[in-house]
There are 2 protein chains.
Amino acid sequence: MGSVADDISEKLESEIVEGILPPGTRLEEPALAERFGVSRTPVREALQRLAASGLVELKPRRGTQVLNPSTVRIVEMFEVMAELEAACARLCARRATPELIAELHGWLRKCESAVHDVSAYYAANRGFHSAIYAGSGNSFLTEQAELLHLRLTPFRRQQLRVPRRLRQSLAEHAMIVAAIEAGDDAAAAMAQRAHILIQGERFTDFMAQLSRGDAKLQPRSK
Amino acid sequence: MGSVADDISEKLESEIVEGILPPGTRLEEPALAERFGVSRTPVREALQRLAASGLVELKPRRGTQVLNPSTVRIVEMFEVMAELEAACARLCARRATPELIAELHGWLRKCESAVHDVSAYYAANRGFHSAIYAGSGNSFLTEQAELLHLRLTPFRRQQLRVPRRLRQSLAEHAMIVAAIEAGDDAAAAMAQRAHILIQGERFTDFMAQLSRGDAKLQPRSK
DNA sequence: ATTATCGCTTGTGTATACACAGAAGTCGAT
DNA sequence: ATCGACTTCTGTGTATACACAAGCGATAAT
C-alpha cells in the first residue's frame with residue numbers, strides 16, 4: 001500500500017484495539033505527524049481509514065478521537081455481531097465439510113486445554129470463532145464478521161475475566177459444534193447467537209457495576 | 001462537514017449508485033480535481049470515503065476504480081444482506097409496536113397501488129424495507145443494513161423488471177408483515193431472508209442470461 | 001519481423017504552505 | 001468578582017509543489 005499511511009493506520013489500529021489509546025482519546029494530526037516523523041498528509045489518510053473501519057470518529061473541524069460509543073450503542077453492536085455469527089454458524093451447518101468439523105474439534109480441544117489460562121483461552125477462542133466465520137464459505141460475510149469483531153475488541157477485554165464465564169463459554173462452543181456437525185442449521189444459529197449475546201449482557205453488567213462504584217466512566221458523552 | 005470533500009464524495013456516490021459511473025470505471029484524481037474545480041487533496045479524501053463505503057476499490061499505486069465485484073462476490077453480498085434483513089425482521093417481530101405495524105401496512109398499501117408502475121414500486125419497496133430496518137430498534141443494525149443496501153444498489157437495478165417478480169414480491173411483503181404482526185420472530189426472519197435471497201438468485205439468472213447472449217460483461221476481471 | 005530495453009508520460013504518494021474556523025486565554029466593563 | 005467581548009493561538013481544510021513508481025511507446029538489436 002501507500003506504505004507510510006498504511007503503516008500508521010496499522011499502528012494506530014493495534015494501539016486502539018489493545019487499549020493503549022482508550023476510547024475518547026483525541027488524535028491530533030500535528031502530534032501524530034511529529035511522532036511518526038512524517039507530514040500531516042499520510043496521517044490524515046490513516047485517520048480516514050480508521051474512521052472507515054469505525055475505530056475513530058471524525059468530527060468536521062473538530063478533530064479526530066477514538067470512538068467512544070454509548071453503552072446502548074455497544075450493546076447494539078454486540079447484537080449485530082450475534083446475528084452475523086449466527087449467520088456464519090447457520091451456513092457452517094449447511095455446508096459443513098469433514099475438514100471443517102475436524103478443525104472445529106481441534107479448536108475445541110485447544111480451548112479445553114487452555115481453560116485455566118485466560119490469555120491462552122482468548123487466543124483459542126479467537127481461532128474457534130474465526131474458523132466459524134471462514135467455514136461459512138462466504139468470504140464477504142467472513143470479512144464483515146472479522147471487521148466487526150475487531151471493532152468490538154476494545155470493549156470485550158474484560159469479558160472473559162469473569163470466573164465462571166470461561167467454562168460456560170467452553171460448553172457453549174461444544175453445543176455449537178454439535179449442532180453444526182448434526183447439520184442442524186437452526187440450532188447452530190440459535191446457539192451461536194446466544195453465545196454472543198451473553199457477551200453483550202456481560203458488558204452491561206460490567207458497566208452497571210462500574211457506574212455504581214466508579215464515576216470515572218461517566219464522560220461517555222455522545 | 002469539510003464541505004468540499006464531502007460534496008464530492010456525495011456526488012460521486014450518487015453517480016455510482018445511479019449507474020452513471022458503471023462498475024470498473026477508473027477514477028483519476030487530476031481529472032476529478034479539474035472537473036470539480038478543486039485541488040487533488042479533497043478529491044483524495046472523497047475517494048477514501050467512497051472506498052470506506054465499499055463503493056470503490058483503492059489499489060495502491062494503481063489508482064481508484066468503481067468496485068467491480070465478481071458474480072460470486074455479489075451473490076455473497078446478497079446473502080449477507082439477507083441475513084441482516086432477517087435479523088431486522090426478527091427484532092421487528094419481537095419489539096413490534098402498533099405504530100410500526102401501522103406503518104408497515106401503510107407501505108404495503110403503497111406497494112399494492114404501485115404494482116403497475118415499476119419506479120413507483122421501487123420507491124415504495126425501498127420505504128418498506130427501510131421501515132423494517134428502523135423497526136428493529138437497533139440503530140447500528142439499521143445503519144449497517146442501509147449501507148449494504150446502498151452498496152448493492154448498482155447491482156439491483158434490473159431486478160424488478162422481471163414480469164412476475166413484482167407481484168410475487170408483494171405477496172412476500174404481506175407474509176413478512178403477517179409474521180411480524182403475529183410476533184412470530186422465526187417466521188419473520190425466514191420470510192425476510194427468503195425474500196432477499198431470491199434477489200441473489202435473480203441476479204445469477206440475469207448474469208447467466210447475459211453471458212449466453214452478450215459477451216460484453218466478460219471483462220469482470222478483478 | 002520480433003523482442004527487449006530505454007526514456008517519456010501519466011498518475012499516485014508525500015511534503016510544505018496558506019486560509020480559516022474553534023477554542024482558550026486575556027482584558028475590560030459592570 | 002463575575003461576566004462578556006476581543007484577541008490569540010491551536011488545529012483542521014485546502015492548495016501547490018515535488019518525488020517516484022508504473023504504464024506506454026519508440027527505438028534499436030537480434
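Sequence lines set the chain letters: A, B, ... in the order given, protein chains first and strands last, and positions in each chain run from 1. Being a predicted model, the structure only gives us computed values, none of them experimental.
A 4.5 Å side-chain heavy-atom check between B:Thr204 and B:Val75 finds at least one atom pair inside the cut-off. Counting heavy atoms from C-beta outward, B:Ile8 and B:Leu47 have side chains that stay 4.5 Å or more apart. Taking 4.5 Å as the limit, every side-chain heavy atom of B:Gln199 sits out of range of all side-chain heavy atoms of B:Met81. Looking at heavy atoms from C-beta onward, B:Leu147 lies in side-chain contact with B:Ser53 at the 4.5 angstrom threshold. Side-chain contact check for A:Glu172 versus A:Ile198: some heavy-atom pair is nearer than 4.5 Å.
Atom pair A:Gln48:CD and D:dT12:C1' shows a separation of 12 Å (rounding to whole Å applied). Rounded to an integer number of Å, the gap from B:Arg62 CZ to C:dG11 P is 14 Å. Distance CZ (A:Arg61) to C1' (C:dC20): 6 Å, rounded to an integer number of Å. Atom CG in B:Asp6 sits about 10 Å away from atom P in D:dG13, given to the nearest Å. Atom CD in B:Glu45 sits about 14 Å away from atom C1' in C:dG13, given to the nearest Å. Atom CD of A:Glu29 and atom C1' of D:dG13 are 9 Å apart (whole Å). Distance B:Ile8 CD1 to D:dG13 C1': 12 Å, rounded to the nearest Å. A:Leu27 has its CG atom 10 Å from the P atom of D:dT12, to the nearest Å.
Applying the side-chain hydrogen bond (donor to acceptor under 3.5 Å, both in side chains) criterion to B:Gln48, with sequence neighbours excluded, gives A:Glu45.
With salt bridges taken as basic N to acidic carboxylate O contacts below 4.0 Å, none links A:Lys11 and A:Glu18. Under the 4.0 Å criterion applied to side-chain N and carboxylate O atoms, B:Glu79 and A:Arg95 are assigned as salt-bridge partners.
Using a 4.0 Å cut-off on heavy atoms, the residues of residues 34-42 of chain A that approach DNA chain C are A:Val38, A:Ser39, A:Thr41, A:Pro42, listed by number.
Residue B:Leu47 is out of contact with every strand shown, counting any heavy-atom pair closer than 4.0 Å.
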Considering only nitrogen or oxygen atoms on both sides, find all protein atoms under 3.5 Å from nucleotides 7-10 of chain D and state each distance.
none

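The side chain to side chain donor-acceptor pair (under 3.5 Å) test with B:Glu85 singles out one residue from B:Arg90, B:Arg193, B:Gln192, and that residue is B:Gln192.
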